[in-house]
Amino acid sequence: MSGFDVSRSHLCARAIHGGLWPDPATGAILTPIYQTTTFRHEAVGVHKGYTYTRSANPTVAALERNLGALEEALPAASFATGMAALAALFLATLEHGDRVVVSDVIYGGTVRLLRRVLGAFGVVTEAVNTADADELREALRARTRLVVIESPANPTLKLTDLALAASLAHEAGAVVAVDNTVLTPVLQSPLDLGADVVVHSTTKYIEGHNATVGGALLTRDEKLLERIRFVQNAVGFPQAPFEAWLTLRGIKTLPLRMARHSATALMVAQWLERQPGVRRVAYPFLDSFPQRDLALRQQRAGGGLVTFELDGGEATGIRLLNSVRLCALAENLGAVETLVTHPVTMTHASLTPEEREAAGIGGGLVRLSVGLEEPEAIIEDLDQALRAAVRA
């Protein structure tokens, strides 16, 4: 039995039906939650494909098929968190002495894992401006096993030309991984642009309701997926059945949510550009965005993240963050609620001041994850918070 055959162009249908089918025992439309660790064998060596939930679970397998249908890849490997997915990727591809090239602007936890954990096991990491083809080409002169790119980058939204970067990395014999958390399969398709593996924190837009943590790795390379699954089982990183079920439910509305996030984020970004006290605004589909042409070429929309920098630096930024009412001051993104974050003291606090400065992450930088509220409601809250911050 297989899932519904859904056309590539029918993204909503793929989100709802891809890799899924009614429960054969009851006809239930939604995939059941198989909340069990153990599966009974019919005889020695005879079972129905499941033996122990750490290795495989029917609810988790349904999520993995659904994600694979969205990315037009093999079924995903799903993990307990986004960081667990990254750890599995690194353990599956790296050995002692291997070198990793990573985007200079990327989620702080990725850098922390590579340098402070895997560095002790002989993995060498170099941060590179992957948006600069010459700098990336030069960095790849040294033997490199893995290139890790986040585009748009968190939190500055700087873009990397994924097709060009993948081409350069493959010429150097490196595996290319793209963190696609910010845009999801709905708005960007890294595998079509040459990436070998896509990373998702499903905690964010994919689940979308601040209800779970999770991660996923997707590829079209069967041998690479086999290595990832071996690590997943050996280390014990799998997603849990209930969280998988919640994530499946979130995916059904993912295309609709990403369209709303993107439309509202553009409106909020355009409003922010007109406000006194706002030094600059970054959003890929703004006319003022330096890489707008690239965004239009490799993204289907701008996504739900907007970043802006305030005059007055960290003190003004903290005053604004302490003044929001509707927007929630929180260390997450991609939810139905609008969330506001101070990267210097929150998501990127693990970076050194020098690393943050090199990445363009200053004290006055604010990251806004635009939710599904009316644009006017979000703007009203930001307006009163800006006025409070400027008055102070």
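Hydrogens, waters and symmetry mates are skipped; everything else that's a heavy atom, side chains included, is used.
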Working for ring-ring contact (aromatic ring centres under 6.0 Å, His included), residues His47 and Phe39: CA-CA 8 Å; His47 54 75; Phe39 300 84; 9.3 Å; no

Going by atom types alone, do Thr219 and Asp221 pair a side-chain donor with an acceptor below 3.5 Å? no

Gly334 backbone acceptor or donor facing Ser369 side chain under 3.5 Å: yes

Would you check if the side chain of Thr59 reaches a backbone N or O of Pro32 as a donor-acceptor pair within less than 3.5 Å? yes

Got a donor-acceptor contact below 3.5 angstrom from the Ser262 side chain to the Met258 backbone? yes

Thr144 versus Arg99, side-chain donor and acceptor atoms under 3.5 Å: yes

Please find the pair of heavy atoms, one from Gln270 and one from Leu286, that lie closest to each other, and give the distance. CG-CD2, 3.7 Å

Determine whether a donor-acceptor pair (N or O, by modelled atom type, separation under 3.5 Å) exists between the side chain of Gln298 and the backbone of Leu162. yes

So, Gln232 side chain and Ser78 main chain: donor-acceptor pair closer than 3.5 Å or not? yes

Could you tell me whether the side chain of Thr181 reaches within less than 4.5 Å of the side chain of Val199, counting heavy atoms only? no

Can you confirm whether more than 12 heavy atoms, excluding those of Glu95, are under 6.0 Å from its CD atom? no

Is the side chain of Arg300 donor-acceptor paired with the backbone N or O of Pro185 at a distance under 3.5 Å, no angle test? yes

Residues Ser189 and Glu72: side-chain donor-acceptor under 3.5 angstrom: no

Judged by modelled atom types alone, do Thr338 and Glu373 share a side-chain donor-acceptor pair under 3.5 Å? yes

CD1-CG distance between Ile16 and Leu256, expressed to the nearest 0.5 angstrom: 7.5 Å

Enter the distance from Leu225:CG to Leu217:CG here, rounded to the nearest 0.5 Å. 9.0 Å

Could you state whether Ile378 and Leu329 fall into the same hydrophobic cluster, counting links through intermediate Ile, Leu, Val, Met, Phe, Trp or Tyr residues with side-chain heavy atoms under 4.5 angstrom apart? yes

Take Asp311 and Thr316 through the side chain to side chain contact (heavy atoms under 4.5 Å, CB included) test and state the conclusion after the steps. CA-CA 7 Å; Asp311 292 330; Thr316 305; over 6 Å; no

Starting at SG of Cys327, measure out to CD of Glu380 and round the result to the nearest 0.5 Å. 11.0 Å

Test side chain to side chain contact (heavy atoms under 4.5 Å, CB included) on Glu150 and Val105 and set out the steps. CA-CA 8 Å; Glu150 189 174 85; Val105 185; 6.0 Å; no

Using modelled atom types and a 3.5 Å cut-off, is there a donor and acceptor pairing between side-chain atoms of Glu273 and backbone atoms of Ser288? no

Side-chain heavy atoms nearer than 4.5 Å, only ILVMFWY residues, links allowed to pass through others: does that put Phe121 and Val231 together? no

Look up atom CG in Leu118 and atom CG in Leu114, then write down how far apart they are to the nearest 0.5 Å. 6.0 Å

Would you call Lys158 and Asp132 a salt bridge, taking side-chain N to carboxylate O under 4.0 Å as the test? no

Approximate separation, where rounding is to 0.5 Å, of Gln239 CD and Glu64 CD: 9.0 Å

Is there a side-chain contact between Phe285 and Leu296 (heavy atoms, below 4.5 Å)? yes

Closest non-hydrogen contact found for Ala88 with Phe79 is CB-CE2, 3.4 Å

Beyond-backbone contact of Gln299 with Leu187, side-chain heavy atoms, under 4.5 angstrom: no

What are the two closest heavy atoms between Leu372 and His261, and how far apart are they? CD2-CE1, 3.5 Å

Report whether Phe308 and Leu159 are members of the same hydrophobic cluster (ILVMFWY, side-chain heavy atoms less than 4.5 Å apart, transitive linking). yes

Same apolar cluster (I L V M F W Y, side chains within < 4.5 Å links), Val101/Val111: no

Are more than 12 heavy atoms from other residues, nucleotides or ligands located less than 6.0 Å from atom CZ of Arg260? yes

Does the side chain of Val123 come within less than 4.5 Å of Phe90's, by heavy atoms? no

Below 4.5 Å, heavy atoms only, C-beta onward: do Ile251 and Leu67 meet side chain to side chain? yes

In short, Leu191 meets Leu218 closest at the heavy-atom pair CD2-O, 4.3 Å

Atom CG of Leu30 and atom CZ of Arg249: how far apart are they, to the nearest 0.5 Å? 9.0 Å

From CA spacing to verdict: side chain to side chain contact (heavy atoms under 4.5 Å, CB included), Leu310, Val278: CA-CA 5 Å; Leu310 297 170; Val278 177; 4.0 Å; yes

Donor-acceptor contact present, side-chain Thr341 to main-chain Ala330, <3.5 Å: yes

Do the side chains of Thr264 and Glu374 get nearer than 4.5 Å, heavy atoms only? no

I want to check something: taking the side chain as every heavy atom from C-beta on, are Pro155 and Leu365 in contact at a cut-off of under 4.5 Å? yes

Is there a continuous path of hydrophobic side-chain contacts, each under 4.5 Å between heavy atoms, that joins Leu20 to Val186? yes

Scanning both residues in full, the closest heavy-atom pair of Ala15 with Asn66 reads O-ND2, 3.5 Å

Can a salt bridge be assigned to the pair Asp293 and Arg297 using a cut-off of 4.0 Å between side-chain N and carboxylate O? no

Given Leu70, which of Leu11, Ile206, Thr184 fulfils the side-chain contact (heavy atoms from CB on, under 4.5 Å) condition? Leu11

Is a donor on one side and an acceptor on the other found under 3.5 Å between the side chain of Gln384 and the backbone of Asp381? yes

If only atom types and distance count, is the side chain of His17 paired as donor or acceptor with the main-chain N or O of Ala13 below 3.5 Å? no

Less than 4.5 Å apart, any side-chain heavy atom of Val147 and any of Leu140? yes

More than 12 heavy atoms of other residues, nucleotides or ligands under 6.0 Å from CD of Glu126: yes or no? yes

For Leu86 and Met83, run side chain to side chain contact (heavy atoms under 4.5 Å, CB included): C-alpha distance rounded to whole Å, both residues' side-chain angles, the deciding distance at 0.1 Å, then the answer. CA-CA 5 Å; Leu86 280 169; Met83 291 310 302; 3.9 Å; yes

Side-chain ion pair, Arg141 and Glu138, N-O less than 4.0 Å: yes

Check Ser103 against Thr130 and note the closest heavy-atom contact, atom names and distance. OG-OG1, 2.9 Å

